[in-house]
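Worth saying up front: this structure is predicted, and the values here are computed from it rather than measured.
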Amino acid sequence: MTKSSPRTKAVATDADADLSYEQALDELERMVAAMEGQQLPLDQLLHSYKRGAELLALCRGRLQAVEQQVKLLDGAELKAWEGPES
């Protein structure tokens, strides 16, 4: 039997519980832009990467929760988006 490596899961902080999806996404986008556009010290890059992982987990969790609500509303079947009718 092979032993699987433990997966580290980003955990959102209590303060993150108050963030909306849009706020978390905005912070994540600003952080990525700063990481791409500047020469940051290694420790700051690591901190930004960890924070980004937390924000990404928060966004994914919120999206999954909304998807579950939509499934409930649509009778447990997620329907394909057809876009606005013209």
Side-chain angles (χ1 to χ4, degrees):
M1 180 196 285
T2 51
K3 187 176 181 181
S4 62
S5 62
R7 298 175 107 180
T8 55
K9 189 172 186 178
V11 179
T13 64
D14 290 337
D16 290 340
D18 294 336
L19 285 177
S20 70
Y21 171 83
E22 291 78 9
Q23 290 169 323
L25 186 59
D26 183 56
E27 183 180 342
L28 184 58
E29 288 173 342
R30 284 185 281 119
M31 187 177 304
V32 168
M35 290 171 68
E36 289 177 342
Q38 298 177 4
Q39 294 291 330
L40 299 176
L42 185 59
D43 58 337
Q44 191 172 354
L45 281 172
L46 180 59
H47 179 270
S48 294
Y49 181 84
K50 288 179 182 179
R51 178 67 180 147
E54 292 170 356
L55 292 168
L56 183 58
L58 182 121
C59 289
R60 285 181 176 166
R62 298 269 166 89
L63 286 173
Q64 288 173 346
V66 169
E67 184 176 287
Q68 289 302 316
Q69 291 175 8
V70 170
K71 283 181 182 179
L72 286 173
L73 293 172
D74 283 344
E77 181 181 326
L78 190 59
K79 298 175 182 171
W81 172 254
E82 296 177 11
E85 294 182 30
S86 309

Test your reading of the model: is there a side-chain donor-acceptor pair from Gln44 to the backbone of Pro41, 3.5 Å cut-off?
no
Please report the shortest heavy-atom distance between Ser48 and Met35, naming the atom on each side.
CB-SD, 3.6 Å
Can you list everything that forms a side chain to side chain donor-acceptor pair (under 3.5 Å) with Glu29? Sequence neighbours excluded, please.
none
For Leu45 and Leu40, the nearest pair of non-hydrogen atoms, with its separation, is CD1-O, 3.6 Å
Once side-chain contact (heavy atoms from CB on, under 4.5 Å) is applied, do any residues pair with Gln68, and if so which ones, sequence neighbours excluded?
Lys71
What is the distance from atom CG of Leu55 to atom CG of Leu19, rounded to the nearest 0.5 Å?
7.0 Å
Is Arg30 salt-bridged to Glu27, going by a charged N under 4.0 Å from an acidic O?
no
If you measure from SG on Cys59 to CD on Glu22, what distance do you get to the nearest 0.5 Å?
9.0 Å
Cluster membership besides Leu63, Ile/Leu/Val/Met/Phe/Trp/Tyr side chains within less than 4.5 angstrom, sorted by chain and number, is Tyr21, Leu25
Euclidean distance, Asp16 CG relative to Arg51 CZ, rounded to 0.5 Å
4.0 Å
